[in-house]
Number of protein chains: 2
Amino acid sequence: MRMHHPPHPGEIIREFCVEALHLTTTDAAEALGVTRKTLSELLNGRSGVSPAMALRLSRVFGRTPEGWLRLQQQYDLWNIEQSVDMSRLRRIKAA
Amino acid sequence: MRMHHPPHPGEIIREFCVEALHLTTTDAAEALGVTRKTLSELLNGRSGVSPAMALRLSRVFGRTPEGWLRLQQQYDLWNIEQSVDMSRLRRIKAA
DNA sequence: AATACTGTAACCTGCTACGTTTCGAGTGTC
DNA sequence: GACACTCGAAACGTAGCAGGTTACAGTATT
């Protein structure tokens, strides 16, 4: 089974990147090279971690880009599993 | 360092899911519950592995959804690294 | 009161996943 | 040759998302 209701990546980013370093949203956005709005939407779950954003995060706050993207991936998968019915799909056999 | 020019996931999918099972694109698309066009674009690198597609692939061809998504992730990251200049971004210090 | 920080709405651009439709290139059968 | 059929792929439209600019309202802090 999969994780139960993974948080959106913005929560983790806020906790470990912004609050832990006592940064403001404005400061962090500037360091990342994006606008305040872009970071605000990410922190509040209204947008996700794009590949470009994962690279920015890794350069400014460390960790690997893959690690940042994985947060988004797990969040996306959990949500898709809840909302899309794939039960009719069957494993295929070679012809 | 990162991988050198990762192939787009469509190549892997074509090789291990379609050709290896002697399926046609039409057959595979039907099994995945998408149109021929959608799968064709994926196989030819004109679209990527979305979270929903990763789930479809895992149900029909096995492996984990995370594994399928990882292929896309590595491809995306490599391409972003080539095209976007992040050299001005500096690691941030706590205030 | 003035300043700083935040969230967010409106509007725009660019990109992408996906569906429907249609075209063109095989590949058979008569 | 002429026909139908199948397959892959292109053109076109729809929907949605990331991100920017600008502007506004709320809340602290000084």
Side-chain angles (χ1 to χ4, degrees), chain A residues 8-11 13-15 17-19 21-57 59-60 65 68-69 71-73 75-77 79-81 83-86 88-89 92 95, chain B residues 8-11 13-15 17-19 21-58 60 65 68-69 71-73 75-80 82-86 88-89 92 94-95:
Chain A
H8 68 256
E11 292 184 31
I13 295 169
R14 186 191 293 276
E15 185 174 344
C17 298
V18 183
E19 292 179 352
L21 300 181
H22 298 96
L23 297 173
T24 65
T25 303
T26 305
D27 292 337
E30 210 165 300
L32 288 167
V34 298
T35 63
R36 198 163 52 87
K37 174 184 181 296
T38 297
L39 181 57
S40 172
E41 287 180 338
L42 175 59
L43 294 182
N44 293 287
R46 256 166 226 92
S47 71
V49 178
S50 64
M53 183 61 78
L55 274 180
R56 293 177 188 278
L57 288 166
R59 282 197 62 94
V60 174
W68 292 112
L69 268 186
L71 293 177
Q72 186 65 45
Q73 179 184 293
Y75 181 73
D76 287 342
L77 279 178
N79 282 289
I80 292 279
E81 280 175 354
S83 63
V84 182
D85 176 29
M86 304 256 176
R88 315 239 344 233
L89 298 187
I92 204 169
Chain B
H8 66 256
E11 292 184 30
I13 295 169
R14 185 191 294 276
E15 186 173 343
C17 300
V18 182
E19 292 180 352
L21 300 181
H22 298 95
L23 297 173
T24 65
T25 302
T26 304
D27 294 336
E30 210 164 300
L32 288 167
V34 298
T35 63
R36 268 188 309 144
K37 175 184 182 289
T38 297
L39 181 58
S40 171
E41 286 181 339
L42 175 59
L43 294 182
N44 293 287
R46 271 180 284 281
S47 71
V49 178
S50 64
M53 183 60 79
L55 274 179
R56 292 177 188 280
L57 288 166
S58 80
V60 174
W68 291 112
L69 268 186
L71 292 178
Q72 186 65 47
Q73 178 185 291
Y75 181 73
D76 287 342
L77 279 177
W78 191 88
N79 282 288
I80 292 278
Q82 306 305 307
S83 63
V84 181
D85 177 28
M86 304 259 177
R88 314 238 346 230
L89 297 187
I92 204 170

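Quick note on labels: first sequence line is chain A, next is B, and so on, each numbered from 1. Predicted model only: the values in this text are computed from it and were never measured.
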- Query: Does B:Ser50 have a side-chain nitrogen or oxygen under 4.0 Å from the phosphate oxygens OP1 or OP2 of C:dT16?
  - Reply: no
- Task: Flag yes if more than 12 heavy atoms outside B:Glu41 fall under 6.0 Å of its CD atom; otherwise flag no.
- Result: yes
- Query: Which nucleotide in the set D:dA9, C:dT6, C:dT8 lies at the smallest distance from any side-chain heavy atom of A:Thr25?
  - Reply: C:dT6
- Item | Whole-Å distance separating the CG atom of B:Leu42 from the C1' atom of D:dG8 | 14 Å
- Taking atom CG of B:Leu39 and atom CD1 of B:Ile13, what is their separation to the nearest 0.5 Å? 7.5 Å
- Query: Of the nucleotides C:dT20, D:dT21, D:dA9, which has the atom closest to the B:Arg14 side chain?
  - Reply: D:dA9
- Reckon A:Ser47 touches a base, only the sugar-phosphate, or nothing at all at heavy-atom distances under 4.0 Å? sugar-phosphate
- Item | Any A:Thr35 side-chain N or O less than 4.0 Å from OP1/OP2 of D:dG19 | no
- Task: Let me know the distance between CD of A:Glu41 and P of C:dT6, rounded to the nearest Å.
- Result: 15 Å
- Message: Is there a side-chain contact between A:Thr26 and the phosphate of C:dT6, meaning an N or O under 4.0 Å from OP1 or OP2?
- Response: yes
- When the distance from CG of A:Leu32 to C1' of D:dA18 is rounded to whole Å, what number comes out? 15 Å
- Starting at atom NE2 of B:His22, determine the distance to atom P of D:dC7, rounded to an integer number of angstrom. 16 Å
- Under 4.0 angstrom between B:Asn44 side-chain N/O and D:dA9 OP1 or OP2: yes
- D:dC17 phosphate, OP1 or OP2, under 4.0 Å from A:Arg46 side-chain N/O: no
- d(CG, B:Leu39; P, C:dT16) in whole Å: 18 Å
- To the nearest Å, how far apart are B:Asp76 CG and C:dA17 C1'? 13 Å
- Roughly how far, to the nearest 0.5 Å, is CZ of A:Arg59 from CZ of B:Arg88? 11.5 Å
- Query: Taking atom C1' of C:dA17 as reference, at what distance in whole Å does atom CG of B:Leu43 sit?
  - Reply: 15 Å
- Rounded distance (Å) that lies between atom P of D:dG19 and atom CD of A:Glu30: 17 Å
- Query: Just how far is it from atom CG of B:Asp27 to atom CZ of B:Arg36, taken to the nearest 0.5 Å?
  - Reply: 11.0 Å
- Item | DNA chain C: 5'-proximal contact among B:Arg36 and B:Met53 (nearest heavy atom) | B:Met53
- Item | First encountered from the 5' end of DNA chain D, between B:Thr24 and B:Lys37 | B:Thr24
- Message: Under a 3.5 Å distance rule, please check whether B:Gln72 uses its side chain to pair with a backbone N or O of B:Gly48 as donor and acceptor.
- Response: no
